Asker: 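Structure provided below as structure tokens; questions to follow.
Within every chain, numbering begins at 1; the chains are lettered A, B, ... in the order of the sequence lines, protein sequences first and strands thereafter. Fair warning: this is a prediction, and the values are worked out from it, not measured in the lab. Heavy-atom basis, side chains included; hydrogens, waters and symmetry copies ignored.
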Amino acid sequence: MLDIKYLRENFATAEKALSTRAGKVDLSGFQTLDQQRRELLNEVELLKAEKNKVSALIGRTKDKSQVLGEISRMKDVSAQVKLLDDKLREVADQLNELLMGVPNIPHEQCPVGASEDDNIEIRIWGEKPALDFTPKAHWDIGEDLGILDFTRASKLSGARFCVYFGAGARLERALINFMLDLHTVEHGYTETLPPFLVNRASMTGTGQLPKFEDDLFHTEGMDLFLIPTAEVPVTNIHRDEILAEKDLPLCYTAYTPCFRKEAGSHGKDTRGLIRQHQFNKVEMVKFTRPEDSDAELESLLQNAEKVLQLLGLPYRVVDLCTGDIGFSAARTFDIEVWLPGQGCYREISSCSTFRDFQARRASIRFRREGAKKPELLHTLNGSGLAVGRTLLAILENYQQEDGSVLIPEVLKPYMGGLEKIER
RNA sequence: GGAGGAGUGGCCGAGUGGCUUAAGGCGGCGGUCUUGAAAACCGUUGAACGAAAGUUCCGUGGGUUCAAAUCCUACCUCCUCCGCCA
């Protein structure tokens, strides 16, 4: 959510900044609603002050017969207060609904652009493997090795699911453990294991609701949602809290499965592990002081890149333009891994700063040393990494001509010393 | 699923209709004293909105009343017991 005061005082600037995003942002009605709300608030507060004062007087008067006139007058005032309160709530709800649907203002350094075509490639890492044979796509590699089974998964659940077998299943598990160990031991994150089902307030806090309910799996009878990313439960850990400055930055990592309806992507990436309804991800989440968030985004990105470097997977980093960043993000770097089987780079991590956008929605604050007033902190998160996509990247990058797949050095201890996966 | 009980400030805890402007304690902060510290004593110590006056917040939402932490109601959470169960 944007700061209502900022919006009030910098309406044109905000509107202009938001117009660089993809999709129309409708701010019409804000100024009217905001003014209505403030007028009603002022009016109703004056009445309440009157009511409180006279009621106290009535309370102090032993002989109520002396204040019968006041009592009946307060009856009217009370009715009036109720009426205005209802009206106020209606206006405030409308205003809130409008604000909840407004995306974050892009970071000043976020490149301006209309679509993903305007994203900026900022660095490339690693050598693409020189394969002297025609590389296979991971779904063929996986099925030929008997470690991935999309056919049986569709029997179990439908399209966009996968059953892993043997070394495939173990490789997924190995990746999760490797990533968690790296982030906790080397990068100083605290491991968390949050719920995979969350309530509406949590989904609203990080920005999935109210706008993107169609993308979420919802449970029947309980009003709970399956998490689309660990960002949701982990960020909401500190919802409605005031943290101490000395505890910042607070860095968490979490492994969770993620569940997405992929409502708008029919026909896209229908084969393989790229776009599944359920996938595993190791996520990193940070809570920082406002002045630290830019630097923390850099280190978050580096932490994610480190995973690919250690796995020896070539990648590039892309600075997303204003037309491509997500609803809650102010700035996002995507890491795209090279996939020889597809001959292209594909997103494997997304590292974003939300500044105070999520913190305001979720009311996550901190108090500076010696300060009286708490202030909003900044939240950031990034994949570290999407596990399924990492697995498929390994299959495609480490494939051999005979159909086997070598295990990256750092994973061998996690694979019981296994050197390669073969039929 | 059934039967009870409970939700009050950072924490503990009093308060069952009207100076509650939420007692008291702990913790925190400041001070006195001290070579320094401890102890003792004194003071101070929640959040949101507002330029201010002021308003709101005692799990959450409704309701009763001139007046609600307090009464009614629905819901949520936690605890105890029973049943079921990984």
Asker: Does a side-chain N or O of A/R367 approach OP1 or OP2 of B/G10 to a distance below 4.0 Å, or not?
Answerer: no
Asker: How do A/K53 and A/P374 order along RNA chain B: which one's closest nucleotide is nearer the 5' end?
Answerer: A/P374
Asker: Do NZ/NE/NH1/NH2 and the carboxylate oxygens of A/R200 and A/E213 come within less than 4.0 Å?
Answerer: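 So A/R200 pairs with A/E213 through a salt bridge.
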Asker: Can A/R8 and A/D3 be counted as an ion pair, charged N to O under 4.0 angstrom?
Answerer: no
Asker: Should B/C85 form a Watson-Crick or G-U wobble pair with both distances under 3.5 Å, which nucleotide is its partner?
Answerer: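 Pairing partner: none.
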Asker: Measuring to OP1 and OP2 of B/G46, would you say a side-chain N or O of A/K373 lies under 4.0 angstrom away?
Answerer: no
Asker: Taking the basic N atoms (NZ, or NE/NH1/NH2) and the acidic carboxylate oxygens, is any pair closer than 4.0 Å for A/D144 and A/K136?
Answerer: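 Yes.
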Asker: State whether A/K48 places a side-chain N or O below 4.0 Å from either non-bridging phosphate oxygen (OP1 or OP2) of B/U55.
Answerer: no
Asker: Does B/G10 have a Watson-Crick or wobble mate here (both distances under 3.5 Å), and if so which one?
Answerer: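 Here B/G10 is engaged in a pair, and the nucleotide opposite it is B/C26.
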Asker: Hunt down the Watson-Crick or G-U wobble partner of B/C75, both distances under 3.5 Å, from any strand shown, or write none.
Answerer: B/G59
Asker: Is the phosphate of B/A67, meaning OP1 or OP2, less than 4.0 Å from a side-chain N or O of A/S78?
Answerer: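 So the side chain of A/S78 is within the cut-off, an N or O lying under 4.0 Å from OP1 or OP2 of B/A67.
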Asker: For B/A67, does OP1 or OP2 lie under 4.0 Å from any side-chain N or O of A/R60?
Answerer: no
Asker: A/K82 side chain N/O closer than 4.0 Å to the phosphate oxygens (OP1, OP2) of B/U64?
Answerer: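 Checking B/U64 against A/K82, a side-chain N or O does come within under 4.0 Å of OP1 or OP2.
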Asker: For B/G50 and A/N42 - does any side-chain N or O of the residue sit under 4.0 Å from the phosphate oxygens OP1/OP2?
Answerer: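 False: A/N42 side-chain N/O out of range (4.0 Å or more) of B/G50 OP1/OP2.
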